[in-house]
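The structure appears right after this line, and notes come after that.
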Amino acid sequence: MKLINYKWRQLILSLSCLLLIIGCTNLYPTSNQDIKLLKVATDPTFIPFEIQTASGKLEGFDIDLMNALAKVVGFAIQFESLPFDGMISTLEAKRVDAAISGITITAERLKTIAFSRPYFKAGLAIAVRENNHNIKNFNTLQGKKIAVQIGSTGADFAKTIPNAKISTFNSGPEFFQDLLNGNVDAVVSDAFATLYAIKNGKLKGIKVVADLLTQEYYGIATPKDSPHLKKINKAIASMLSNGTYKQIYQKWFNAEPPQLPES
Ligand code: ARG
């Protein structure tokens, strides 16, 4: 009897030690060894979502959001600058863990990569020179010279405009220069980014046609079977409900954020 008692006591003791150890590690999930270093691609030519200052520092709505998200989840972030056009294939090849770059969630992209829940409501718009009064909508774009960013939803959209002559560019600022030079009649690109640049004096002599061509949502992109996507989605949900999202939105857009769908 005494012997059994002794064995039981030993078992209980070792079990409690084990529980104590598990408990302690869970209390401090962000102790140094547990921090996961997440490689995140971005194309910092997309004001005000991702931009690089003269000193090389990354700034913008997406950068703030990703850094805040990292704090919630306990990730350390290492940003990697990549041209927008190479982003999807880099994710497919799993050379990065995620990408944040004003990337629109599309059915086509969902075939090869995964996206978080939507974190930004966006849409495409037509930009023209201030003195242009005849391009007003999709129909009046027909047969016109149009500039777009390679690999963007704007580039896909431009392909659907009958008889349009399309020039493609690697980064945002370049195609606006072409519009200003008179080489093209219009740019088809993300409305928010263009409006922001105009409002902040970064783009002069250009206006955005009022009606949006599309409604789109940006998502954080990951490889298809990413082990981090669940945590990323949870963190977005908590930032939406605890005011962090609203704070970042107001910092960059000086406005109330719109409602976002869950998927
Ligand atoms: N939203 C557009 C797309 O997904 C363009 C995004 C461009 N982003 C950038 N960082 N250059 O195709």
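Fair warning: this is a prediction, and the values are worked out from it, not measured in the lab. Numbers for residues simply follow the sequence, beginning at 1. We count ligands from 1, going down the list as the structure has it; atoms in each ligand are counted the same way.
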Among all the protein's non-hydrogen atoms, which is closest to atom 12 (O) of ligand 1, and how far away is it? Thr153 N, 2.8 Å

If we ignore angles and hydrogens, is there a donor and acceptor under 3.5 Å between the side chains of Asp62 and Tyr218? no

Part of Phe49 with heavy atoms under 4.0 Å of ligand 1, whether side chain, backbone, both or neither: neither

Could you tell me which atoms of ligand 1, counted from 1 in the order shown, lie closer than 4.0 angstrom to a heavy atom of Gln149? 7 (C), 11 (N)

Nearest protein heavy-atom contact for atom 6 (C) of ligand 1: which residue, which atom, what distance? Gly102 O, 3.3 Å

Hey, which of Val188, Val209, Ile126, Ile161 is the one that makes side-chain contact (heavy atoms from CB on, under 4.5 Å) with Phe138? Ile161

Are any non-hydrogen side-chain atoms of Asp43 and Pro83 less than 4.5 angstrom apart? no

Any salt bridge linking Glu256 with Lys246? Criterion: basic side-chain nitrogen under 4.0 Å from a carboxylate oxygen. yes

The protein heavy atom nearest to atom 5 (C) of ligand 1 is Asp190 OD1, 3.3 Å

Proximal ligand 1 atoms for Ser152, defined as those under 4.0 Å from one of its heavy atoms: 12 (O)

Subset of ligand 1 atoms that lie under 4.0 Å from at least one heavy atom of Tyr218: 1 (N)

Are Tyr217 and Phe115 close enough that their ring centers fall under 6.0 Å? no

Short version for Met87: what comes under 4.0 Å of ligand 1, heavy atoms counted, is neither

Do Arg129 side-chain atoms and Leu179 backbone N/O form a donor-acceptor pair below 3.5 Å? yes

Please could you name the atoms of ligand 1 that Ile103 approaches to less than 4.0 Å, counting only its heavy atoms? 4 (O)

d(Glu174 CD, Thr45 OG1) to nearest 0.5 Å is 8.5 Å

Taking only non-hydrogen atoms of Arg109 and a 4.0 Å limit, the atoms of ligand 1 in range are 3 (C), 4 (O), 12 (O)

Measure the distance from atom 11 (N) of ligand 1 to every protein heavy atom, then report the residue, atom name and distance (to 0.1 Å) of the closest one. Asp43 OD2, 2.7 Å

Classify the ring geometry of Phe253 against Phe49: parallel below 30°, tilted from 30° to 60°, perpendicular beyond 60°. tilted

Closest approach of any protein heavy atom to atom 8 (N) of ligand 1, naming residue and atom: Ser101 O, 2.9 Å

